[in-house]
Amino acid sequence: MHADGTITIIVNGEHRRVNAGLSLADLASELGLVPEKVAVERNLEVVPRSTLAQVMVEDGDELEIVHFVGGGDHVATADDSWTVAGRTFRSRLIVGTGKYKDFAQNAAAVEASGAEIVTVAVRRVNVSDPKAPMLTDFIDPKKITYLPNTAGCFDAESAIRTLRLAREAGGWDLVKLEVLGEAKTLYPDMHETLRATEVLAKEGFLPMVYCVDDPIAAKRLEDVGAVAIMPLGAPIGSGLGIQNRVTIRLIVEGAKVPVLVDAGVGTASDAAVAMELGCDGVLMNTAIAEAKDPILMARAMKLAVESGRLAYRSGRMGQRRYADPSSPLAGLI
């Protein structure tokens, strides 16, 4: 002990003079640490945390004091809704209503997915059996937003006619427009799609438009009245996943309206990728309907969309060419 009542100890490799008569808990507090959140090794022996207040520091002690270090910011998720044409939704997953075994399975999948919007095809009424089950008997349009689409239309005129009938039948103005170029690829015919979008917008429709993954075409659609841009990730029903992340990202960066990947999703990771690119949502049908367990897949898609969105909001780490240690090298024992 020194004449001034202090002693010399070594703490984490550094010589320190401290007052005699301190316990290890007192020392930790004096160093600005919370005793309950550190581990102490004294002269190469770990001191049980429960005894830190009873073990006294002695002259010449060598101490190692460690704690856990990490990183990451909390991301608030209380309100992460999205809005299209003035209408706000919480779920960013839109599901289709085709290819299911029956309407009951379809309804169960919608519930498992948490979707608030479903796409519906406009088809002729079965006049030979007017009492046959209808989708509205299983999915209540008062609880789930119906999004009439123009699946199967190959020119602007048939798409416009279909949506006029849909508005008359159900009063819908928020619609999904797709005008296909050919049956083999089901790729959009952008000339006809642009023409139909312009006409429908002038008639008061709010078209969410299926299109190629082309940022120039997307901008033109927005200019003529599209309320949402829906580029394909891959051909409809292919399950190939997002084939061109670069163009999808360019569309997201340039759009002033929501962007949703429409078509090509095959499994949950594809949906997560779409959301990580910054898309506002994902639309899918076949990936759920043709899964061996559609209900379970619907749940997986719900979680994938939510996870991808959280990853996008949190801001991913930068990519590096070489390794970078997770634990700091400074302060090694």
Side-chain angles (χ1 to χ4, degrees), residues 72 75 77 80 82-84 89 91-96 113 115 117 119 176-178 180-181 184-190 193-194 208-223 226-288 290-291 297-298 300-324:
V75 179
T77 60
D80 187 32
W82 68 289
T83 301
V84 56
F89 302 92
S91 172
R92 294 174 179 271
L93 176 59
I94 300 175
V95 298
S113 74
I117 305 175
T119 59
K176 182 197 167 187
L177 172 67
E178 60 181 70
L180 306 174
K184 182 179 180 180
T185 64
L186 298 181
Y187 253 60
D189 181 325
M190 291 311 301
T193 298
L194 280 161
M208 300 173 66
V209 187
Y210 169 66
C211 62
V212 294
D213 55 337
D214 176 352
I216 304 304
K219 183 60 179 173
R220 287 175 179 166
L221 284 171
E222 190 176 335
D223 290 342
V227 299
I229 305 300
M230 307 180 76
L232 53 80
I236 291 174
S238 68
L240 291 172
I242 312 300
Q243 292 297 295
N244 198 333
R245 302 184 186 191
V246 174
T247 52
I248 297 292
R249 181 63 190 162
L250 288 173
I251 291 172
V252 169
E253 290 177 355
K256 294 183 176 63
V257 297
V259 176
L260 301 91
V261 162
D262 178 9
V265 169
T267 190
S269 56
D270 300 330
V273 166
M275 298 307 298
E276 288 171 5
L277 290 172
C279 292
D280 295 275
V282 183
L283 190 154
M284 65 184 72
N285 186 176
T286 308
I288 296 176
E290 290 191 357
M297 183 60 83
M301 292 299 188
K302 175 181 185 293
L303 296 174
V305 168
E306 292 174 354
S307 295
R309 176 64 180 170
L310 282 176
Y312 172 73
R313 290 182 65 199
S314 62
R316 66 156 292 154
M317 61 168 283
Q319 294 177 313
R320 306 182 179 98
R321 292 180 62 191
Y322 302 105
D324 184 55

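Side chains included, hydrogens not; waters and symmetry mates left out as well; all remaining heavy atoms used. Owing to the predicted nature of the structure, the values given are computational and were not obtained by experimental measurement.
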Practice item. Sort and list the pairs that fulfil side chain to side chain donor-acceptor pair (under 3.5 Å) and have at least one residue in residues 270-281, not counting sequence neighbours. Key: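 Listed by first then second residue: nothing to list.
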
Give me each pair satisfying side chain to side chain donor-acceptor pair (under 3.5 Å) with a member in residues 255-268, each pair once, sequence neighbours excluded.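 Counting only pairs at least two positions apart or across chains, the side chain to side chain donor-acceptor pair (under 3.5 Å) contacts touching residues 255-268 are Lys176-Asp262.
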
Find the distance between [atom1] ([X]) and [atom2] ([Y]) and round it off to the nearest 0.5 Å.
X	Y	atom1	atom2	value
Leu260	Tyr210	CG	OH	14.0 Å
Leu250	Leu277	CG	CG	10.5 Å
Leu221	Ile229	CG	CD1	5.0 Å
Ile251	Asp214	CD1	CG	7.0 Å
Leu186	Leu232	CG	CG	10.0 Å
Cys211	Arg220	SG	CZ	12.5 Å

Heavy-atom closest pair, residues [X] and [Y]:
X	Y	result
Val212	Pro188	N-CG, 3.7 Å
Met301	Ala287	CE-CB, 3.7 Å
Ala115	Ser91	CA-OG, 3.6 Å
Ser113	Val95	OG-CG1, 4.0 Å
Glu222	Gly254	OE1-O, 4.4 Å
Met297	Ile288	CG-CA, 4.1 Å

For residues 233-250, the salt bridge (charged side-chain N to carboxylate O under 4.0 Å, His left out) pairs (sequence neighbours left out) are Arg249-Glu253

Residues at least two apart in sequence or cross-chain that pass salt bridge (Lys or Arg N to Asp or Glu O under 4.0 Å) with Arg320, listed by chain then number, are Asp324

For Glu306, the salt bridge (Lys or Arg N to Asp or Glu O under 4.0 Å) test, sequence neighbours excluded, returns Lys302

Practice item. State, with a plain yes or no, whether a side-chain heavy atom of Met275 is found less than 4.5 Å away from one of Val261. Key: no

With side chains defined as the heavy atoms from C-beta onward, is the minimum distance between Val227 and Val257 less than 4.5 Å?
->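 Side chain of Val227 against side chain of Val257, heavy atoms only: no contact under 4.5 Å found.
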
- Message: Taking ring-ring contact (aromatic ring centres under 6.0 Å, His included) as the definition, give me every residue that meets it alongside Phe89, ordered by chain and number, with sequence neighbours left out.
- Response: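 Here the qualifying residues are Trp82.
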
By the definition side chain to side chain contact (heavy atoms under 4.5 Å, CB included), identify the one residue from Thr119, Ile236, Asp189, Thr193 that meets it with Glu178.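 That would be Ile236.
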
